[in-house]
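Worksheet: one structure, shown below.
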Amino acid sequence: MSTACNEQHIYVNMPEQSPNFSTLEAALASIPYENPEKEFPAPTSDIPPVVIHIGKGVYREKITVTRPNVTFLGEGEDRGDVVLVYGDYAQEIMPDGIKRGTFRTATLRIDAQDFKAVHMTIQNDSGYGYQVGQALALYTDGDRCYFEDCALLGGQDTLFTAPLPEQEFEAGGFRGPGEFRPRTMTRQMFRNCFIQGDVDFIFGSAIVYFDNCEIFSRLQAGKPFPEDSEKIYGYVTAASTPQSEKYGYVFKDCKLTSDCPPHSIYLGRPWREYAKTVFLHCELGEHIHPVGWMDWKKPHDHFYFGEYNSYGPGASSGERADFSHQITESEAAEYTVENVLKGWKPGL
């Protein structure tokens with residue numbers, strides 16, 4: 001990782017280093033930053049970068065990052081050696097008698113630009129979606145957020161990529177930190193990551209590039225089904241891309257794996273009607289349903305679902321939903337990192 005001359009380094013659970021803190025919360029509190037207006041995309045070049053080195057351990061903390069230019073760097077031999085975990089879930093009844101809801105469940109919420117996380121695990125361990133509802137491991141609400149060699153572990157709604165859609169389906173559905181904010185677009189990238197969940201576990205409105213990631217659809221053990229129904233265990237994506245954006249979710253050279261039965265997982269469905277999701281040269285396991293995509297009762301000429309050169313037992317191009325697209329080679333060539341992320345070239 002490159003080192004800026006004014007870069008600050010602090011440490012968590014690494015007593016041989018200084019300054020050292022016992023928790024991530026304490027480490028973040030040592031570098032206070034206030035930006036109440038949260039004006040995106042405000043320049044951050046005058047804000048010195050901070051790298052927080054995190055020693056081996058399991059950190060049961062619920063963390064929000066509000067300072068730009070922060071990097072979380074796991075210092076274990078494996079990304080599983082540094083685990084940030086919490087267990088809030090949507091169906092939990094709060095002291096005021098109202099359910100917690102989806103957007104107050106995140107183990108880690110990024111509320112700042114130019115955040116990076118490397119070589120660590122972020123987890124929500126509350127349970128399966130059918131048992132506890134939505135339960136975010138990671139909530140990213142900042143432009144130019146970058147994740148490399150990270151594991152995101154959860155059930156329903158593991159990863160939310162803000163902003164929220166303009167309108168909620170039901171009153172209180174967006175209750176949480178982004179409910180009344182302007183819907184400002186963000187760009188994010190996940191490289192060499194492992195992302196696990198069950199229902200709609202990668203969802204939101206951001207422009208996101210997934211490069212060489214493993215996407216694991218988790219079996220919801222004991223999930224009940226109506227008699228004679230098709231046993232569908234989940235959906236990988238639920239994008240809500242704004243109509244004005246050309247790109248939404250792009251998966252390139254990714255591997256889709258699962259412990260679910262054959263043909264029991266869909267590649268995606270549109271959370272909002274202009275959702276955009278594309279898989280480029282991805283290996284699809286047999287858990288992927290031959291139809292591939294669900295329309296969620298949205299107009300077929302609004303959303304865009306596409307694949308280019310899928311392979312593996314789940315790559316049934318001849319059986320795909322008629323509203324989906326088999327992308328040509330020339331069309332696929334347009335999905336470069338630079339094009340999708342509007343000139344941002346993420347990296348370490």
Side-chain angles (χ1 to χ4, degrees), residues 87-93 99-103 105 123-137 152-160 168-170 173 194-204 214-240 249 251 254-273 275 277 279 282-300 303 305 307 310 312-324:
D88 282 347
Y89 57 94
Q91 299 300 326
E92 180 182 3
I93 303 300
K99 290 180 180 179
R100 181 180 293 276
T102 303
F103 301 101
T105 65
Q123 182 177 11
N124 187 309
D125 65 353
S126 59
Y128 301 120
Y130 80 91
Q131 295 173 322
V132 302
Q134 299 88 343
L136 307 180
L152 310 180
L153 308 180
Q156 184 170 349
D157 292 11
T158 302
L159 169 61
F160 173 59
E168 57 194 2
F169 284 141
E170 58 183 37
F194 178 89
I195 305 173
Q196 171 196 280
D198 50 53
V199 176
D200 299 335
F201 62 96
I202 301 173
F203 76 115
E214 181 175 355
I215 313 297
F216 185 87
S217 293
R218 178 189 185 196
L219 176 66
Q220 298 186 75
K223 181 179 179 180
F225 292 97
E227 285 189 30
D228 301 323
S229 68
E230 186 177 24
K231 291 181 172 58
I232 299 301
Y233 282 89
Y235 308 81
V236 175
T237 65
S240 51
Y249 288 163
F251 296 80
C254 293
K255 184 176 183 179
L256 276 64
T257 59
S258 181
D259 58 355
C260 292
H263 305 167
S264 63
I265 299 290
Y266 283 86
L267 292 170
R269 56 183 180 174
W271 188 27
R272 291 298 188 271
E273 61 180 303
T277 302
F279 288 84
C282 292
E283 181 180 353
L284 310 183
E286 66 177 356
H287 62 294
I288 298 300
H289 196 285
V291 171
W293 307 89
M294 176 73 72
D295 64 8
W296 221 353
K297 299 182 179 179
K298 304 295 195 306
H300 288 186
F303 58 78
F305 292 149
E307 295 171 72
S310 294
S316 305
S317 61
E319 301 178 66
R320 288 295 193 249
D322 59 7
F323 52 76
S324 67

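Owing to the predicted nature of the structure, the values given are computational and were not obtained by experimental measurement.
- The side-chain tip of R272 points at the ring of F169 from less than 6.0 angstrom away and within 45° of straight on.
- Looking at L153 and F194, their side chains come closer than 4.5 Å, going by heavy atoms from C-beta outward.
- What you find for D157 and L136 is that their closest heavy atoms are O-CD2, 2.8 Å.
- In plain terms, the two heavy atoms of S217 and I265 that are nearest each other are OG-CG2, 3.6 Å.
- Residues D295 and F305 fail the side-chain proximity criterion, which asks for heavy atoms closer than 4.5 Å.
- Between F279 and W293, the ring-plane angle classifies as tilted under the 30° and 60° cut-offs.
- The aromatic rings of Y233 and F225 lie perpendicular to each other, with more than 60° between the two planes, well past the 30° mark.
- In terms of heavy-atom proximity, H289 sits nearest to H263 at CD2-O, 3.2 Å.
- The number of heavy atoms from other shown groups lying within 6.0 Å of NZ (K223) is above 12.
- For the residue pair G222 and Y130, the shortest heavy atom distance occurs at C-OH, 3.3 Å.
- N124 places no side-chain N or O within donor-acceptor distance of the main-chain N or O of Y89, the cut-off being under 3.5 Å.
- By the 4.5 Å heavy-atom criterion applied to side chains, F160 and T102 are not counted as neighbours.
- Looking at F201 and L159, their side chains never come closer than 4.5 Å, going by heavy atoms from C-beta outward.
- A side-chain donor from one of E214 and T257 sits under 3.5 Å from a side-chain acceptor of the other.
- You'll find the side chain of S264 stays beyond 4.5 Å of the side chain of K231, heavy atoms only.
- Formation of a donor-acceptor pair under 3.5 Å by the T237 side chain with backbone atoms of L267 is found in this model.
- Residues M294 and I232 form no side-chain contact, since every pair of their non-hydrogen atoms from C-beta on lies 4.5 Å or further apart.
- Using a 4.5 Å heavy-atom threshold, the side chains of H287 and L256 count as touching.
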Open item on the list: Is there a side-chain contact (heavy atoms from CB on, under 4.5 Å) between T105 and R100? Walk through the geometry before answering.
Closed with: CA-CA 7 Å; T105 65; R100 181 180 293 276; 3.7 Å; yes
- [ ] Go through the steps for Y249 and V236 under the test side-chain contact (heavy atoms from CB on, under 4.5 Å), then give the verdict.
- [x] CA-CA 11 Å; Y249 288 163; V236 175; over 6 Å; no
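- Ring pair F303/F323 is perpendicular by interplanar angle, where above 60° counts as perpendicular and below 30° as parallel.
- Between I288 and S258 the shortest side-chain heavy-atom distance does not fall below 4.5 Å.
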